[in-house]
Amino acid sequence: HALAGAGGLGAVVAAQASNTSNATTVAKLAGKVSADYVSINAQHGTDFQGKANSMMASALGFSGAQVNNTSKTTTLAELADNSQVAAEAFRLKAHSTVTKGTANADFTVRSASGGVLNGASGSSATTLDNDTSAVVGEDALITVAKANGQGTLNIAASNDIKAYDAVLLDTGGAIAVAVGASTIDVNRANAAVVLGAGALLQSDGKVSLESSTAADVVTQTQVKTYGLAGVPVGRSRSNINTANSVALNGARVASDDNVSVVAGANNTLSASAETYLWNKTAKPINTKPEAHGQITQNNTISIAATHLSTSGSADASEQQIARAAIAAVKDISLNAGAGRHVAHGYGSGTDLYREVVEDVAKFFGQDVSLDIKGGSTSDNSRSSDLVDGTLFAGTQHAQYLTVSADGKTVTQSNSMGYTTADGVSLADVYTAQINYLHDRYEAYKDTDADVAGGFLNDENILRALQA
């Protein structure tokens, strides 16, 4: 926090504040581990704010206030190469948080001057770089199984950025010049989930792999000039660059439930920049207010062929399942998306004469705006899925049960279960099921011919067996 002030015939005063943060956080597990719950959790938080206030009053003078902030963060959660984990639940998480200021707070930079020939400048510049990764090393093995129920296997990398900034300049004199700028550039907000070559992740429950970024960036510049002649100049910029990825680099994921892979689809990004110029001088020299909001994001899922051996099974279907980079008994979901994203840039400028004309028009019932407009936006969001390997959903789609006439089981697939009951008439069971299917056919025949046809086909099959 910097504060400067001066007065007299001629004066130059400046206040400057700066913050620099460089941080690396690593949570890494290596070797063999067996436990009910295994969590590898790397989290880092950076919270900073710089303020500068410069005030000057003199016949000839210049007032300046400047704030510079730089933050670079690397966060890594890793299961090392060749490690082995057995658990009922497993979590690998990397999370990075960066906070600058608070929303709707006081101005970060204030610069004011007064006198005959005066100028004021104020600027606040912030740059942020985040690299956040959750990594499973090459040839690592993760086995999740729960005796009563299903285990969970979750791997995630995420960023959370909240950065707010506001600059105020106020200068007056016979000739007044004021220049203000507020910029926040998120140069990198990258989140990555990486599964190394030969890694095997197997679970009897759901598997979730996700990378995401949340960023709320707001900049604002206000510039005011008073006196005989004045030139207000203002610029604001809010910029977010993010890349979120999930990569299977020759790894394999197998689940007895669902597998979900998400890159960027749950992002929430907002880049807002606003600039306001007020020229209250007798001879205004106006400039166009600059305000730019920008979002650039690239979200990718890439799946390579597994490096694991598929030998040991002669069955073609089993070989195909064994070759799959992702194999699930239920569903496989790949979702590379842009999430919610809004870029906003708005600039507005006015002077005494424009305001007078607007007031006269309003007096006569006319809604007229003579503001000088500025502002621009850019929103470039890209997402892609690249699958060079094999995905196999429904690995246990073929189920069978063969029962002999005397009630003994002849053949049975691994996931096929059954119960027995005494004193049951097979004819009655057939009849009840046929009646049920016929009722379903009658219910749908006038509204959905395809569904009705399916029920009718099943009914006919049972009637043929009954005969």
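In what follows, every heavy atom counts, from backbone to side chain, and hydrogens, waters and symmetry copies are set aside.
Here the closest heavy-atom approach between residue I240 and residue A215 is recorded as CD1-CB, 3.8 Å. Residues K206 and D257 come closest through the heavy atom pair CG-OD1, 3.2 Å. Q43 and T25 get closest at one heavy-atom pair: O-CG2, 3.7 Å. Pairing each heavy atom of T395 with each of A327, the nearest pair is CG2-CB, 3.8 Å. Listed here is the closest heavy atom pair of N299 and G337: ND2-O, 2.9 Å. Of all non-hydrogen atoms in S272 and S238, the two that sit nearest each other are O-OG, 2.6 Å.
Under the 3.5 Å distance criterion, with hydrogens and angles disregarded, a donor-acceptor pair is assigned to the side chains of N266 and E210.
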Donor-acceptor pairs under 3.5 angstrom involving side-chain atoms of residues 450-461: please list them, not counting sequence neighbours.
from: E459; atom 1: OE1; to: H438; atom 2: ND1; distance (Å): 3.2
from: E459; atom 1: OE2; to: H438; atom 2: ND1; distance (Å): 3.3
from: E459; atom 1: OE2; to: R463; atom 2: NE; distance (Å): 3.0
from: E459; atom 1: OE2; to: R463; atom 2: NH2; distance (Å): 2.9
from: N460; atom 1: ND2; to: L456; atom 2: O; distance (Å): 3.3

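Here K445 contributes atom NZ and R440 contributes atom CZ; the two are 13.5 Å apart, rounded to the nearest 0.5 Å. Taken to the nearest 0.5 Å, the OG atom of S124 stands 7.0 Å off from the CD1 atom of I184. Considering OG of S212 and CG of N159, their distance stands at 8.0 Å, rounded to 0.5 Å. The distance from the CG atom of L277 to the CZ atom of R235 is 12.5 Å, given to the nearest 0.5 Å. In this structure, N190 CG and T213 OG1 are separated by 7.5 Å, a value rounded to the nearest 0.5 Å. The distance from the CG atom of N130 to the OG1 atom of T73 is 5.0 Å, given to the nearest 0.5 Å.
Counting heavy atoms from C-beta outward, V387 and L334 have side chains that approach closer than 4.5 Å. Contact of the L92 side chain with the V136 side chain is registered, since non-hydrogen atoms from C-beta on lie closer than 4.5 Å. Looking at heavy atoms from C-beta onward, I142 lies out of side-chain contact with V38 at the 4.5 angstrom threshold. In this structure the side chain of T219 never reaches within 4.5 angstrom of the side chain of T183, judged on heavy atoms. When side chains are defined from C-beta on, Q220 counts as touching Y276, because their heavy atoms get closer than 4.5 Å. Taking the side chain as every heavy atom from C-beta outward, T152 and V144 never approach each other to under 4.5 Å. In this structure, N19 and T126 have side chains that are not in contact, with every pair of non-hydrogen atoms separated by 4.5 Å or more. Counting heavy atoms from C-beta on, the side chains of S71 and F48 come closer than 4.5 Å.
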Checklist entry - Should L141 and L201 be marked as a side-chain contact (heavy atoms from CB on, under 4.5 Å) after you check the CA-CA gap, both sets of side-chain angles, and the distance that decides it? => result CA-CA 6 Å; L141 172 63; L201 287 66; over 6 Å; no

**OP:** For the pair S236 and T221, evaluate side-chain hydrogen bond (donor to acceptor under 3.5 Å, both in side chains) and give the outcome as yes or no after the intermediate values.
**Re:** CA-CA 6 Å; S236 59; T221 300; 4.8 Å; no

Could you please spell out the steps behind the side-chain contact (heavy atoms from CB on, under 4.5 Å) verdict for F90 and I40? CA-CA 8 Å; F90 176 84; I40 306 170; 4.2 Å; yes

Take D185 and R237 through the salt bridge (charged side-chain N to carboxylate O under 4.0 Å, His left out) test and state the conclusion after the steps. CA-CA 8 Å; D185 291 300; R237 181 177 68 243; 2.7 Å; yes

*asked:* side-chain hydrogen bond (donor to acceptor under 3.5 Å, both in side chains), that's the test. Do H292 and E290 meet it? Break it down for me.
replied: CA-CA 7 Å; H292 184 64; E290 297 181 23; over 6 Å; no

Discussion item. Could you walk me through whether D131 and T74 satisfy the side-chain hydrogen bond (donor to acceptor under 3.5 Å, both in side chains) test, starting with their C-alpha distance in whole Å, then the side-chain angles of each, then the deciding distance to 0.1 Å, before giving a yes or no?
Written reply: CA-CA 5 Å; D131 282 293; T74 300; 4.9 Å; no

Practice item. Evaluate side-chain contact (heavy atoms from CB on, under 4.5 Å) for V194 paired with N249, printing each intermediate quantity in order. Key: CA-CA 7 Å; V194 181; N249 298 330; 3.5 Å; yes

Using the rule given for side-chain hydrogen bond (donor to acceptor under 3.5 Å, both in side chains), can you reason through H44 versus S96, listing the C-alpha separation, both sets of side-chain angles and the distance that settles it, and then say yes or no?
CA-CA 5 Å; H44 180 82; S96 176; over 6 Å; no

Assess whether side-chain contact (heavy atoms from CB on, under 4.5 Å) is satisfied between D139 and D81, documenting all intermediate values.
CA-CA 6 Å; D139 298 312; D81 295 351; over 6 Å; no

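D448 contributes no side-chain N or O that, together with a main-chain N or O of Y444, makes up a donor-acceptor pair within less than 3.5 Å. Under the 3.5 Å distance criterion, the side-chain polar atoms of D385 are left unmatched by any main-chain donor or acceptor of T300. Using modelled atom types, no side-chain atom of N335 and backbone atom of V262 make a donor-acceptor pair closer than 3.5 Å. Distance alone, capped at 3.5 Å, is enough to place a donor-acceptor pair between the K100 side chain and the Y164 backbone. Not one N or O on the side chain of T409 forms a donor-acceptor pair closer than 3.5 Å with the backbone of T411. Using modelled atom types, one side-chain atom of N258 and one backbone atom of D331 make a donor-acceptor pair closer than 3.5 Å. S133 places no side-chain N or O within donor-acceptor distance of the main-chain N or O of V135, the cut-off being under 3.5 Å. Although no hydrogens or angles enter the test, the distance criterion places a donor-acceptor pair under 3.5 Å between the side chain of S211 and the main chain of S245. Between the R91 side chain and the N41 main chain, no donor and acceptor come within less than 3.5 Å of each other. The closest donor-acceptor contact from the side chain of S83 to the backbone of G31 lies under 3.5 Å.
The side-chain hydrogen bond (donor to acceptor under 3.5 Å, both in side chains) with Q297 is formed by just one residue from the set N267, N244, D379, N241; it is N267. Just one residue in the list V217, I295, I161, D216 forms a side-chain contact (heavy atoms from CB on, under 4.5 Å) with L269, and that residue is I295. With respect to V98, the side-chain contact (heavy atoms from CB on, under 4.5 Å) criterion is satisfied by exactly one of D47, D160, V186, L128: L128. Only one option out of L248, N154, V259 pairs with L209 in a side-chain contact (heavy atoms from CB on, under 4.5 Å); it is L248. Of the candidates T275, D165, L168, V218, S182 forms a side-chain contact (heavy atoms from CB on, under 4.5 Å) with just one, namely D165.
Taking a 6.0 Å sphere around NZ of K93, one finds it holds more than 12 heavy atoms contributed by other residues, nucleotides or ligands. Other residues, nucleotides and ligands contribute over 12 non-hydrogen atoms within 6.0 Å of the OH atom of Y37.
Electrostatic pairing of D204 and K146 does not count as a salt bridge here, judged by no charged N lying under 4.0 Å from a carboxylate O. Salt bridge annotation for K72-D129: absent, with no cationic side-chain nitrogen under 4.0 angstrom from a carboxylate oxygen.
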